[in-house]
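We count residues from 1, following the sequence as given.
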Amino acid sequence: MADPTPPSAILSASQITVAFGGKPLLEQGTIAILEGERVGLVGRNGCGKSTFLKIAAGVIQPDSGQMTQRRGMLTGYLPQEFELEEDATVHDAVMNGAAAVQALLEEYEITPPESDRSATLLERIEQLDGWTLESRARSLLTHLHAPDPTRIVRNLSGGEKRRVALCRALIARPDLLVLDEPTNHLDTESIQWLEDFLSRYQGTCLFVTHDRYFLDQVSTRIVEIANGTFFSFPGNYTDFLISQAEREAIAEMQENKRQKFLQSELEWVRKAPRARRTKSVDRVERYFEIAGQKPPERQGDVDLILPPALPLGNRVISLKNVSYDLGGRRLISGLTLELPAPSRIGIVGRNGIGKSTLLRLLTGELEPTTGTIERGLRTEINLIDQHRIQIDPNKTVWQEVGEGRETVRLGSEEISLRAYLRRFLFTEERITQNIAQLSGGERSRVLLAKILKRGGNVLLLDEPTNDLDLATLRMLEEALVHFQGTLVVVSHDRYFLNRICTHTLAFEGDGQVVFDAGNYEDYLSHKAKKAAAVRAAEALAAKAPKAQAKATAEVQKAARPVKLTWKEERELEGIEACILQAEGEIARIEGLFASPDFYMKHGGDALELQATLDAKKLEVPKLYKRWEELEQRKAAMQPA
């Protein structure tokens, strides 16, 4: 049997070069994207990832080289900086992404059915599944938690607009999907849905993301941009890391061999005889040839500096019965919590559910509707909110981070501003450039550098991973893991949460906020076990009425009262004590659950305590029923 036809290239770039402000991003780069591939593009911030996505989407052209794409190909594009029609409804803004499909439908309606053009249009419409546009729009808006379809775009928040833009890119089911950071501003549930959607997608997808789980689940190939060149690795992100480590190990081994050769030859070269013969000349030339080779290039890592945290007191931040209402909706209901010291707490939950609001309550920017929030005397809060703190695009990196100073104080030490910025991978050239000329990821690094230097022993981070490249993310994680204060972070990056968090604060809806020991995966595991325990208790409760009905029927069938046996008399004598014991156990466990430090002291026993509580609550009515039955039988045997 003949081999199946290999997939053809849907898009290819040959020897393309792009430069901005004299800085080359791509130099003679060549790559082909094959039909049906899902290609994850990785690389340092500023290496040209977003630029190449713009070229692939047809938004810009390379300075030189050739770009080719399949004729008649339909492309869907989500850029980092997108534009929506401000006066359109959400529904219309999404449907604008299917304008090409709608044009096909309109042409088909007016084309004579017997014509060849009609058959061609019908085939293309069915290929794009054009008859289901409305149902697909409803599905996308629902699963990506987009705003109500009737809302006007100009009234939406930045995050809401981005979800609308993502729906617009996906609606047409194009031949090529080009997505720049599609997981930004999506909650975990929406990200998992998007993973499943793209994994089953019949078209081709080229995307950039910092979400490592997303890269692992979706990618069939990783392409790295480094030094203006494309490097291709088959498989997902984990496969790429393995290949990268192997490549670096081989390069290191070759460099060690080169250095050993140079050391062994150096002495001979110094002592070479004046009257060199041909062999000697060749040997000298060989030495200088190898000495002139460049060692393997190593990309520098961000060395994020967190100023030393001053010691915290016994109290960090205390919340007592805190509730918060917004627009007639209760975001937080009766939250009682002591922030542990030190700890790293991840806040999770759907968008718009109240996570960022909680950070603003912790800082004192907002006051709770009910309850109190107390901060310790030694508590120094530093909030990093990328959505609310602005940087001036007309200033240079030096001006924005330095804020008029040429040094940065880190605890008891002081270092130069240039040395500080070099730790964030800003070269001399980039330090003096305007922020407007930087990439989105570089701007995020500017923001981190500016705010982290303020110090504090309680760091509140709101979506700190947005727009950071993967290498910077790893260094940020490393710095936060070793932070000695208390950290509270809002993030949808599951890998990041699992890497750094010691506790999880989960918004579960209807104002309910659950505090759990462990990282995000631990929280999901505990939640699943708790749900299983509840289902088991409900099943037992469902069986209890049947058992009671059966016992009642048996009593009613009795023709006359039956005298208590000796064993039943002993049971009657002790049943009241059994009831008191069971009710006391219920009160004890409910008291534990109501305790503000429950999860700190008893978090590991939560599921076992819940199961015991449910069982005791089922046992008490049965004991009362049995007591009543025995008393009635005893009374029936007494003479009138």
- Pairing residues for Glu189 by the salt bridge (charged side-chain N to carboxylate O under 4.0 Å, His left out) criterion, not counting sequence neighbours: none
- Query: Quick check: does any side chain N or O of Thr379 sit under 3.5 Å from a backbone N or O of Arg375, one acting as donor and the other as acceptor?
  - Reply: no
- Those residues that, when tested against Asp92, pass side-chain contact (heavy atoms from CB on, under 4.5 Å) (two or more places apart): Ala88, Thr89
- Message: Please enumerate all residues that pass ring-ring contact (aromatic ring centres under 6.0 Å, His included) together with Tyr237, with sequence neighbours excluded.
- Response: Phe240
- Closest non-hydrogen atom pair, Leu198 against Phe214: CD1-CZ, 3.6 Å
- Pair Ser219-Asn236, side-chain hydrogen bond (donor to acceptor under 3.5 Å, both in side chains): steps then yes or no: CA-CA 5 Å; Ser219 301; Asn236 61 13; over 6 Å; no
- Message: Measuring only between side-chain heavy atoms, which start at C-beta, is Ile332 closer than 4.5 Å to Phe507?
- Response: yes
- Shortest non-hydrogen pair, Asp516 vs His526, comes out as OD2-ND1, 2.7 Å
- Item | side-chain contact (heavy atoms from CB on, under 4.5 Å) evaluation trace for Phe496 with Val489 | CA-CA 10 Å; Phe496 180 79; Val489 56; 3.7 Å; yes
- Message: Can you tell me how far apart NZ (Lys161) and CG (Asn155) are? Round to the nearest 0.5 Å.
- Response: 8.5 Å
- Does any non-hydrogen side-chain atom of Phe483 lie less than 4.5 Å from one of Ile500? no
- Taking every heavy atom of Ala172 against every heavy atom of Leu74, the minimum-distance pair comes out as CB-CD2, 4.1 Å
- Message: By the definition salt bridge (Lys or Arg N to Asp or Glu O under 4.0 Å), identify the one residue from Lys450, Lys453, Arg445 that meets it with Glu400.
- Response: Lys450
- Task: Can you sort out the partners of Glu442 under salt bridge (charged side-chain N to carboxylate O under 4.0 Å, His left out), two or more places apart, ordered by chain and number?
- Result: Arg430
- Task: Using ring-ring contact (aromatic ring centres under 6.0 Å, His included) as the criterion, list what pairs up with Phe197, not counting sequence neighbours.
- Result: Trp193, Tyr201
- Are Arg154 and Glu85 within salt-bridge range, i.e. N to O under 4.0 Å? no
- Item | Check: Leu177 and Leu206 side chains under 4.5 Å, non-hydrogen atoms | no
- Approximate separation, where rounding is to 0.5 Å, of Phe424 CZ and Leu448 CG: 6.5 Å
- Task: Using a strict 4.0 Å threshold on nitrogen-to-oxygen distance, state whether Asp196 and Arg200 make a salt bridge.
- Result: yes
- Indicate whether the side chain of Asp129 and that of Thr132 have a donor and an acceptor atom separated by less than 3.5 Å. yes
- Mutual orientation of the aromatic rings belonging to Tyr495 and Tyr213 [parallel < 30°, tilted 30-60°, perpendicular > 60°]: perpendicular
- Looking at Arg535 and Glu538, does any basic side-chain N land under 4.0 Å from a carboxylate oxygen? no
- Message: Looking at every heavy atom in both Ile451 and Asn382, which two are closest together, and how far apart are they?
- Response: O-ND2, 3.0 Å
- Evaluation steps, side-chain contact (heavy atoms from CB on, under 4.5 Å), between Val348 and Tyr520: CA-CA 8 Å; Val348 300; Tyr520 182 64; 3.8 Å; yes
- Task: Would you sort out whether Glu81 and Arg162 count as a salt bridge (charged side-chain N to carboxylate O under 4.0 Å, His left out), showing the intermediate values?
- Result: CA-CA 9 Å; Glu81 298 178 1; Arg162 186 162 184 83; over 6 Å; no
- Message: Under 4.0 Å between a side-chain nitrogen and a carboxylate oxygen: does that hold for Arg499 and Glu478?
- Response: yes
- Check whether any side-chain N or O of Arg38 sits under 3.5 Å from a backbone N or O of Val218 as a donor-acceptor pair, and report yes or no. yes
- Does Arg151 come within less than 4.0 Å of Glu160, counting only side-chain N to carboxylate O? yes
- Test Leu140 against Leu170 for side-chain contact (heavy atoms from CB on, under 4.5 Å), laying out the working first. CA-CA 8 Å; Leu140 287 169; Leu170 299 177; 3.9 Å; yes
- Got Lys617 and Glu583 here, is their nearest side-chain heavy-atom distance under 4.5 Å? no
- Salt bridge check: are Arg350 and Asp187 linked by an N-O gap of less than 4.0 Å? no
- Check for a donor-acceptor pair, side chain of Arg138 on one end and backbone N or O of Leu133 on the other, with a separation under 3.5 Å. no
- Item | Pair Arg315-Ser318, side-chain hydrogen bond (donor to acceptor under 3.5 Å, both in side chains): steps then yes or no | CA-CA 7 Å; Arg315 167 174 291 164; Ser318 300; 3.0 Å; yes
- Message: If only side-chain N and O atoms count, and only distance matters, is there a donor-acceptor pair under 3.5 Å linking Thr336 with Asn321?
- Response: no
- Message: Can a donor-acceptor pair be found, under 3.5 Å and without considering hydrogens, that links the side chain of Asp510 to the backbone of Gln512?
- Response: no
- Query: Applying salt bridge (charged side-chain N to carboxylate O under 4.0 Å, His left out), which residue pairs with at least one partner in residues 483-495 are found, sequence neighbours left out?
  - Reply: Glu195-Arg494, Asp211-Arg494, Arg212-Asp493
- Quick one: are Asp87 and Val153 in side-chain contact, heavy atoms under 4.5 Å? no
- Message: Any carboxylate oxygen within less than 4.0 angstrom of a Lys/Arg side-chain nitrogen, looking at Arg474 and Glu477?
- Response: no
- Taking all non-hydrogen atoms of both residues, which atom of Asn498 and which atom of Glu521 are closest, and how far apart? OD1-N, 2.9 Å
- Answer yes or no: is there a side-chain heavy-atom contact under 4.5 Å between His503 and Pro340? yes
- Side-chain heavy atoms of Glu619 within contact of Glu585, under 4.5 Å: no
- Side-chain heavy atoms of Val488 within contact of Leu339, under 4.5 Å: yes
- Rounded distance (nearest 0.5 Å) linking atom CD of Gln192 with atom OG of Ser190: 9.5 Å
- What is the distance from atom CD1 of Ile345 to atom CG of Leu337, rounded to the nearest 0.5 Å? 6.5 Å
- Item | salt_bridge(Lys49, Glu181) N-O dist < 4.0 Å | no
- Message: On a heavy-atom basis, which atom in Thr183 and which in His210 lie closest, and how many Å separate them?
- Response: OG1-CE1, 4.4 Å
- Query: If you round to the nearest 0.5 Å, how far is CG of Asp462 from NZ of Lys355?
  - Reply: 8.5 Å
